[in-house]
Amino acid sequence: MILPPPPPKLEDYRAGTTLVAGLGVTTIVPDIDFETYSPAGFVWNEKEQKFKKPIGATKKGLPAVGAAKYSEHPDAEVICLAYDLKNGEGRKLWIPGDENPSDLFRHLVMGGVIEAWNVAFEYWIWTNVCIPKYGFPKIHPVQLRCAAAKARAHALPGSLDPAGEVVGIPHKKDKDGRRLINKFSIPRNPTKHNASLRTLPSDDPEDAKNFYNYCLRDIQAEAELSSLIPDLSPDELHFWQCDLEINIRGVQVDVDLIEKCKSILGQAYDRYDLELFRITNRQVGAASELPALKEWLAYRGYPMPSLTAETLDVALKLPMLPPDVRRALEIREMLGSQSVKKPYSMSNQVTKDGRLHDLFMYHAARTGRASGNGPQPQNLPNSGPNVSKCENKECGKHFNKDAEVCPWCNVGSTNKAIEWNPSAVADAIEILSIGSLPLTEYYFGDAVEIISACLRGMFIAAPGKDLICSDYSAIEAVVLAALAGEQWRLDVFNTHGKIYEMSAAKINGMDFEEFELYKSTSGSHHPARKFGKVAELASGYQGAKGAWKAFGADEYFPSDDDMQKAIDAWRAASPNIVKFWYGVQDAALDAVRTPGKEFSYNGITYLCRSNVLYCRLLSGRLITYHRPIISPGKWGQDALSFEGWNSNPKYGSMGWVRMDTYGGKLTENIVQATARDLLAHAIVNLEGAGYPVVLHVHDEIIVEVPEGWGSVTEVETIMSTMPSWAKGWPVKAKGGWRAKRYNK
């Protein structure tokens, strides 16, 4: 018997070869990997003779400052560069001092592409270190490819080691790499016998050789993993390239304001930590000392398993808290807020040009949505405390709503509290810019709360530029209605857009005109609008009583039975949405039962192949679910689960875990993924029309343009232009603005 020849080894394939992967192909691409040194993100403490993390950072080094700032440090340098041009010559290593890698230069100068895992790091090192220090040629972002981006788009972990473990590549990341990185890539604390602040490769040639081999093995592992993951589609690749350009471009921030806010926060920490020290009878020295604070709370009869924002919020609602316990919890809530850490994060990561870079992680969620890095612009507060506005027409400034007289003019006053607004932000920033805690409190009350409310205003236009911003109105609700074919909802979005009022009217059997009449006569919204808002937020993805309660439905219903009647009424008013839940669920289950065969509902298609379940959206993009299983559910029905990467402790164990899903959850994935595709379509079109994007936050896009150029109207027109697969959908961008600072 003559056996067929064995398949070629991966290293035998040349650049440009395509292999089957998933439902598409993967292309063999040349790749590179740097190992570097930089003291950025390390702060020398002379007293302790140790390197510390920057104030406000949770880690030292690269995670604290980001790749852009890390690479621009004057002492940043390359330790080695591994590369493989996939031309049959194999992997190569370059070390500073060697003759420059002319074959790699030739490849890039000729316009060749190069791939890396998290390629933005390679871009910054190449641009900020290799070009000025070693004479490397320029590299254009369009030449870059990212294996980590491919992995996340295929619902795999974004880190090389866990992704390799999940897929089972033969050559996994070297476990000794962390030790070698800690040895050579970061500063060291001096010891009695070694006063050096750094270990050079020449200090330990044997371990240096291990480090070089580690770098070579890294590109081998990256290549093996990349060869098993499908390439991004042409449209997705185009969007990823826009995403890369946005991260490289960055966004300007008000550095002076950030430093003044840090000063105010430092004053606040000193004051409130001292107050906590006194309250706890010297048992807790600072709000950051969580074990000590928990021990003191337990001693006072209030044991708490954790001191997260959620548990603090619940505890502070207890009616009979002793004053000292309440105040201790208030201080922890105030100083432990994620918002107060953002000015420090901005300061730690801002580069010499006054900009923050790499703020967005492409395809961080299964749906394709991005997540935020560093200061995380996706979760900036969008509101602030109610304020007063001075009635003195010559003043008109905003101030603390509890003040009796306007602190700006000492003449005007008002007893009317109004909502936080862009003008209030401007007035607050004027005071924050002085950098005084007492002055900020005199004008606006709680300084920490005011800084949190002004965080958006710290993102600014560069000199000679403006920011233009707009966002989509109720985009998920519109997408859900369009996908499900719920016509009355589409009619609402095509006309007045008041979905909360219409939803409440349908559930309660009211006439919609009652809402309009109430608004015209009272000047405020009908009380039932709040109920309609809860119903809309909680119900679209098969939410039952638990979801309704999470959105505050207890306020409107005397009993669970009454709440259930309202839920049933919402579903009865939107039968096509209910059908959509079960339609996509049945299609997904059928696909798992019959691998290789497609099953569709309303244009959404499921297909299971090679133990992976795919959901093809109207855009053609895929949502991926690995290793799907059907098992008996709670009520005897078939239940679907899959394996995926969980990075949120709210949803269970961290890491690669098995997750349950159902019709409502599948619908949520589809709707959010579709809304993301509309956002991506708009970003690509804005970039093409000369509107450079600097921020995109959920359903909002912010561009930076020269003063006097472009318009809000044109931005909104571009954003509202739908792709062919969503033609006629009433997705509209509106309410846009043009300003020097980011506001909402």
Gap between atom [atom2] of [Y] and atom [atom1] of [X] - 0.5 Å precision:
X: Leu237; Y: Cys146; atom1: CG; atom2: SG; value: 11.0 Å
X: Ile683; Y: Glu245; atom1: CD1; atom2: CD; value: 13.0 Å
X: Cys215; Y: Ile181; atom1: SG; atom2: CD1; value: 9.5 Å
X: Gln49; Y: Thr191; atom1: CD; atom2: OG1; value: 11.5 Å
X: Ile186; Y: Phe51; atom1: CD1; atom2: CZ; value: 9.5 Å
X: Tyr134; Y: Leu81; atom1: OH; atom2: CG; value: 10.5 Å

Quick one: does [X]'s side chain have a donor or acceptor within less than 3.5 Å of a partner on [Y]'s backbone?
X: Ser71; Y: Ala67; answer: yes
X: Ser233; Y: Glu236; answer: yes
X: Ser38; Y: Tyr70; answer: yes
X: Ser347; Y: Pro343; answer: no
X: Ser610; Y: Val612; answer: no
X: Thr26; Y: Leu19; answer: no
X: Arg369; Y: His698; answer: no

Which residue pairs pass the salt bridge (charged side-chain N to carboxylate O under 4.0 Å, His left out) test when at least one of the two sits in [range], sequence neighbours left out?
range: residues 92-104; result: Glu89-Lys92, Lys92-Asp103
range: residues 13-38; result: Asp31-Lys86
range: residues 115-144; result: none

Using a strict cut-off of less than 4.0 Å between a Lys/Arg side-chain nitrogen and an Asp/Glu carboxylate oxygen, indicate whether [X] and [Y] qualify as a salt bridge.
X: Asp203; Y: Arg198; result: no
X: Lys262; Y: Glu259; result: yes
X: Arg91; Y: Glu222; result: no
X: Arg217; Y: Glu224; result: no

Where do Arg366 and Met659 land on the side chain to side chain contact (heavy atoms under 4.5 Å, CB included) test, with the steps shown first? CA-CA 12 Å; Arg366 178 179 315 281; Met659 306 176 182; 4.1 Å; yes
Distance flag, aromatic centroids of Trp94 and Phe34, threshold under 6.0 Å: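 For Phe34 and Trp94, the ring centres are not under 6.0 Å apart.
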Do the two ring centres, one from Trp124 and one from His357, sit under 6.0 Å apart?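 Yes, close enough.
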I need the full list of ring-ring contact (aromatic ring centres under 6.0 Å, His included) pairs touching residues 141-164, with sequence neighbours left out, sorted by first then second residue.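 The answer is His154-His626.
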Start with the C-alpha gap between Asp176 and Arg179, add the side-chain angles, then the distance that decides, and say whether salt bridge (Lys or Arg N to Asp or Glu O under 4.0 Å) holds. CA-CA 6 Å; Asp176 196 36; Arg179 178 187 69 84; 2.8 Å; yes
Can you list every pair that meets side-chain hydrogen bond (donor to acceptor under 3.5 Å, both in side chains) and has a residue in residues 50-64, with sequence neighbours left out?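 Residue pairs with at least one partner in residues 50-64: Glu48-Lys52.
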Hey, mind stepping through Leu108 and Gln143 against side chain to side chain contact (heavy atoms under 4.5 Å, CB included) and telling me if it holds? CA-CA 8 Å; Leu108 293 171; Gln143 294 176 264; 3.9 Å; yes
Start with the C-alpha gap between Asp204 and Lys183, add the side-chain angles, then the distance that decides, and say whether salt bridge (Lys or Arg N to Asp or Glu O under 4.0 Å) holds. CA-CA 10 Å; Asp204 190 340; Lys183 183 171 185 173; 2.5 Å; yes
Using the rule given for side chain to side chain contact (heavy atoms under 4.5 Å, CB included), can you reason through Ile246 versus His696, listing the C-alpha separation, both sets of side-chain angles and the distance that settles it, and then say yes or no? CA-CA 9 Å; Ile246 292 166; His696 52 92; 4.3 Å; yes
Dump the intermediate steps for side chain to side chain contact (heavy atoms under 4.5 Å, CB included) on His363 and Asp243, then the final yes or no. CA-CA 10 Å; His363 217 297; Asp243 176 83; over 6 Å; no
Would you give me the side-chain donor-acceptor pairs under 3.5 Å for residues 373-380, sequence neighbours excluded?
{"from": "Asn373", "atom 1": "ND2", "to": "Asp358", "atom 2": "O", "distance (Å)": "3.2"}
{"from": "Gln376", "atom 1": "OE1", "to": "Asn379", "atom 2": "ND2", "distance (Å)": "3.3"}
{"from": "Asn379", "atom 1": "OD1", "to": "Lys342", "atom 2": "NZ", "distance (Å)": "2.8"}

